[in-house]
Amino acid sequence: MKVLAAEFMQNFIRMANDGWELGWHERNGGNLSYRIKAAEIETIASNLDKNTPWLEIGTAAPELAGEYFLVTGSGKYFRNIILDPESTLAIIEIDKSGEKYRICWGLKDNGRPTSELPSHLMNHEVKKIASSGKYRIIYHAHAPNVIALTFVLPLEDRVFTRELWEMATECPVVFPDGIGVVSWMVPGGREIAVVTSKLMEKYDVAIWAHHGIFCAGEDFDSTFGLMHTVEKSAQILVKTLSISPDKLQTITAQNFRDLAKSFEVELPEEFLYEK
Ligand code: 2HA
Ligand code: ZN
């Protein structure tokens with residue numbers, strides 16, 4: 001099968017374009033990766049190039065040895081993915097050590113995978129282990145309302161989790177484990193990847209202060225939906241704070257406990273503190 005005809009490729013392109021249309025990917029902002037299923041690789045194997053050089057990832061992800069990923073390219077614009085996937089995306093293979101990759105398809109003008117490849121792969125590794133292989137997507141977006149909140153809320157997991165849960169009743173059901181927050185760091189390397197992947201052991205969402213969000217999920221719909229839910233909740237909080245610094249009423253800690261019972265989700269008490 002032609003690579004572009006594969007269903008996962010079409011789903012990836014649609015998700016990237018939806019993010020562009022929602023204003024999350026100015027210029028070359030953001031990146032997306034998908035851990036391709038073995039059966040999916042089989043259908044396109046004859047169109048993969050295995051003669052390209054092995055290159056350093058910049059970190060080690062030994063649990064991902066031999067895996068294939070579809071990733072966005074460094075410096076590429078999400079806006080252009082739908083027009084020219086073969087120049088903006090790549091399928092990469094990870095070597096036996098989990099320290100190198102090679103480009104098997106795409107990035108046809110000598111491009112490189114996303115500058116956040118270390119964060120993507122270290123997050124994938126943590127999530128693959130924690131979910132027994134179910135998690136396949138890591139998505140990084142520059143979602144403006146979440147970024148705005150990182151200038152006015154304390155950069156604490158419990159504050160971001162609680163404040164965003166409060167802004168829409170469905171939030172604690174969509175991300176019951178909460179949200180992790182990384183204080184400002186230099187992006188694009190191993191250091192921020194280590195800190196982010198540590199948070200991904202506990203959460204599906206990690207916020208990079210003054211930069212953006214990482215979301216992890218099992219499939220395209222749920223991962224995009226998670227990003228959308230978090231950003232929409234942040235938008236409601238920005239609107240609310242813009243009207244008034246004080247809420248007249250809100251969802252209370254006890255309301256969350258009642259919701260948890262009814263929806264059969266576990267909401268950690270660490271987020272249900274009295275304010
Ligand atoms: O430019 O979003 O974090 C891509 C990025 C880097
Ligand atoms: Zn970014």
Side-chain angles (χ1 to χ4, degrees), residues 12-13 15-35 55-59 61 69-85 87-92 101 103 106-107 109-127 137-151 153 155 160 179-200 203-217 220 223-224 226-228 230-231 234-235:
F12 187 105
I13 293 169
M15 175 161 160
N17 200 63
D18 285 349
W20 152 249
E21 288 188 349
L22 283 168
W24 301 343
H25 300 287
E26 78 293 339
R27 204 173 177 276
N28 62 322
N31 22 78
L32 175 61
S33 62
Y34 170 64
R35 186 166 59 83
L55 304 165
E56 297 287 340
I57 295 168
T59 191
F69 291 86
L70 176 58
V71 299
T72 49
S74 178
K76 303 299 182 186
Y77 291 25
F78 267 54
R79 179 171 171 249
N80 292 333
I81 291 174
I82 199 166
L83 298 177
D84 192 0
S87 296
T88 50
L89 307 179
I91 292 176
I92 60 169
Y101 70 93
I103 297 172
L107 289 175
D109 312 313
N110 282 327
R112 287 272 175 273
T114 166
S115 59
E116 304 295 358
L117 192 62
S119 279
H120 277 260
L121 294 182
M122 291 190 83
N123 289 343
H124 273 294
E125 184 176 48
V126 161
K127 285 302 184 188
I137 308 231
I138 300 292
Y139 182 30
H140 170 56
H142 295 176
N145 292 286
V146 167
I147 297 171
L149 290 177
T150 66
F151 294 92
L153 292 183
L155 298 175
F160 269 80
I179 291 180
V181 183
V182 180
S183 297
W184 190 88
M185 287 181 78
V186 175
R190 184 171 185 277
E191 211 177 317
I192 197 167
V194 170
V195 175
T196 309
S197 61
K198 183 84 195 139
L199 289 176
M200 282 292 182
Y203 307 114
D204 286 346
V205 184
I207 292 175
W208 283 2
H210 324 324
H211 183 146
I213 326 181
F214 270 83
C215 285
F220 294 99
T223 314
F224 188 83
L226 176 58
M227 182 71 80
H228 202 181
V230 173
E231 171 59 4
Q235 183 182 35

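None of these values were measured; they are calculated from a predicted model. Quick note: numbers below take in every heavy atom, side chains included, and nothing from hydrogens, waters or symmetry partners. In each ligand, atom 1 is the first atom listed, and ligand 1 is the first ligand listed.
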A.B. asks: Considering only heavy atoms of His140, which atoms of ligand 1 have at least one such atom less than 4.0 Å away?
C.D. replies: 2 (O), 3 (O)
A.B. asks: Can the ring centroids of His211 and His142 be said to lie less than 6.0 angstrom from one another?
C.D. replies: yes
A.B. asks: For Val146, is there any backbone N or O sitting under 3.5 Å from a side-chain donor or acceptor partner on Glu231?
C.D. replies: yes
A.B. asks: Flag yes if more than 12 heavy atoms outside Glu191 fall under 6.0 Å of its CD atom; otherwise flag no.
C.D. replies: no
A.B. asks: Ring centres under 6.0 Å, that's the criterion: do Phe151 and His210 meet it?
C.D. replies: yes
A.B. asks: Do any nitrogen or oxygen atoms of Trp208 lie less than 3.5 angstrom from nitrogen or oxygen atoms of ligand 1?
C.D. replies: no
A.B. asks: Among all protein heavy atoms, pick the one closest to atom 1 (O) of ligand 1 and tell me residue, atom and distance.
C.D. replies: Asn28 O, 3.1 Å
A.B. asks: What protein heavy atom sits nearest atom 6 (C) of ligand 1, and how far away is it?
C.D. replies: Glu116 OE2, 3.1 Å
A.B. asks: Would you check the N or O atoms of Gly30, main chain and side chain alike, for any that come under 3.5 Å of an N or O of ligand 1?
C.D. replies: yes
A.B. asks: Considering only protein heavy atoms, which is closest to atom 5 (C) of ligand 1, and at what distance to one decimal place?
C.D. replies: Asn31 ND2, 3.4 Å
A.B. asks: To 10°, measure the NE2(His142)-the Zn ion (ligand 2)-NE2(His211) angle for me.
C.D. replies: 100°
A.B. asks: Should His142 be listed as contacting ligand 1, given a heavy-atom distance under 4.0 Å as the test?
C.D. replies: yes
A.B. asks: Is it true that a side-chain atom of Thr72 and a backbone atom of Leu32 form a donor plus acceptor pair closer than 3.5 Å?
C.D. replies: yes
A.B. asks: Given Asn31, which partner from the list His25, His120, Glu116 fulfils the side-chain hydrogen bond (donor to acceptor under 3.5 Å, both in side chains) test?
C.D. replies: His120
A.B. asks: Hey, which N, O or S atom on His140 ends up closest to the Zn ion (ligand 2)?
C.D. replies: NE2
A.B. asks: Report yes or no: does His124 contribute a side-chain atom to a donor-acceptor pair with the main-chain N or O of Ile137 at less than 3.5 Å?
C.D. replies: no
